[in-house]
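Contents: one structure, followed by commentary.
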Amino acid sequence: MKTGSMIFSFLQVPRCRIHSLANNWGETFRNFNNTCEKNFSIRPLGSRIYGLQGGHRKKWTRRPITTDTEEGGGTKSRSTKPEILSETISISSTINVNKTQLGQLQEVQHCNIQEIAQNKDLSSLVTVIVFDIETTGFSRENDRTIEIALRDLQGGPNSTFQTLVNPQRDVTNSAIHGITTQMVNKPGIPRMEDLVPILFHYVQSREKPGGYVLWVAHNARVFDVPFIINELRRCSRQIPPNWLFVDTLPLARELMKSGGTKLSATSLVALREFYKIEVEGTAHRAMVDVNTLSLILPRLTCDLKLTLSGLVEKSFREVDIINSKKKKKNSD
DNA sequence: TGCCAGGCCCTCTTTAGGGCCTT
């Protein structure tokens, strides 16, 4: 067994001006749970909601093996009361990459979505993670990821994960997201191959025993998921078979088509304006967009009367993308 | 030389084309 260890200080962000988000978050999920069916039991985010802006203050450091988890290790307990947090925080997690464990994970058979969706105890099996990536462009072949952020909607300690990624090439679309070549092309920023085992380990730590991870992103089917698949392939890795994906873009289309709403477009911005969601920070930074979508998701699913089971039924797997590609290739 | 992303959806369509959506 080979174990690689690394310290990942992936957040050094100002925890400030998030009071409204903290309130919205709890309120959103309370309303959502009250309105929707009981089996969609996402808990309100508890005590720790981290700053949403600090893109320029994020810092990756690689250090000798130690653990310093302010939020998650349980060594330091904090109030669960949402509060305005002004100090800069640093979260570190010891990442022990156990290749045997990861190998076992990949041996799990590809899941049957219908069977999962019909599980009576679905909420105890599914971890819902909203995620977003920033990239150097739209091409999954030629472009690279430069930032990744995700939020486990269960909330609680260490419910967010965010880092810049070194693409080992110039960033030519800084005007879109504000991430420059100088910010990511330096030794302190992890390359994708460094990040993947850490990310897998983090996600594994959020999974429920024998459960599934439901990844949610806007335009996930066409952009984020194929992009991630290609990134993993370049690292000789695969999507774990217990990962499912939900694309909120078709959900938005469904809502728009259903009529009775003033939703006029299906972009993330249009949805944010439609639901009157205010989020601190600049759009097109990964964590800001994650927070936006995290607030949109419960409202969107509620409007569509979608339970967790319904959401799982609308999910897709890596193999579905591969199969649809093959299908298209054969029909061309 | 020409292309330079790709899939979904709509319609003035289906033997197609263009807009939307993601960075």
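Chain naming here is simple, since letters A, B, ... match the order of the sequence lines and numbering starts at 1 in each. Bear in mind the structure is a predicted one, so any value in this text is a computation, not a measurement. Just so you know, these numbers use all the heavy atoms, side chains as well, and skip hydrogens, waters and symmetry mates.
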For a quick check of understanding: with a heavy-atom distance under 4.0 Å over all strands, which category does [X] fall into, base, sugar-phosphate or nothing?
X	value
Asp247(A)	nothing
Asp224(A)	nothing
Ala217(A)	nothing

May I have the distance from [X] (atom [atom1]) to [N] (atom [atom2]), rounded to whole angstrom?
X	N	atom1	atom2	result
Asp289(A)	dC21(B)	CG	C1'	13 Å
Lys257(A)	dC10(B)	NZ	C1'	10 Å
Leu268(A)	dT23(B)	CG	P	7 Å
Leu271(A)	dT22(B)	CG	C1'	13 Å
Ile133(A)	dT22(B)	CD1	P	13 Å
Arg144(A)	dT22(B)	CZ	P	23 Å

Among the candidates [options], find the nucleotide nearest to the side-chain atoms of [X].
X	options	answer
Val222(A)	dT23(B), dC21(B), dG6(B)	dG6(B)
Asn219(A)	dC8(B), dT23(B), dT22(B)	dT22(B)
Ser139(A)	dG6(B), dT23(B), dA5(B)	dA5(B)
Thr266(A)	dC21(B), dG6(B), dT23(B)	dC21(B)
His284(A)	dT23(B), dG6(B), dC8(B)	dT23(B)
Arg253(A)	dC20(B), dG6(B), dT23(B)	dC20(B)
Ser267(A)	dT22(B), dG6(B), dT23(B)	dT22(B)
Phe138(A)	dC10(B), dG6(B), dT23(B)	dT23(B)

Worksheet entry | Pairwise distance CG(Asp132(A)) to CD(Gln162(A)) - rounded to 0.5 angstrom | 11.0 Å
Worksheet item: Would you call Lys257(A) and Glu254(A) a salt bridge, taking side-chain N to carboxylate O under 4.0 Å as the test?
Response: no
Discussion item. Can you check the distance between dC3(B) and dT15(B), where both ends of the measurement are the P atom (answer in whole Å)?
Written reply: 25 Å
Worksheet item: Taking the P atom of each, how far is dT1(B) from dC20(B), in whole Å?
Response: 34 Å
Discussion item. Applying the 5.5 Å / 30° rule, does Phe223(A) stack onto the base of dC21(B)?
Written reply: no
Discussion item. Testing the 3.5 Å rule here: is there a donor-acceptor pair between the side chains of Tyr212(A) and Asn119(A)?
Written reply: no
Response to the item:
Of all heavy-atom pairs linking Pro167(A) and Asn185(A), the shortest is CD-OD1, 4.0 Å
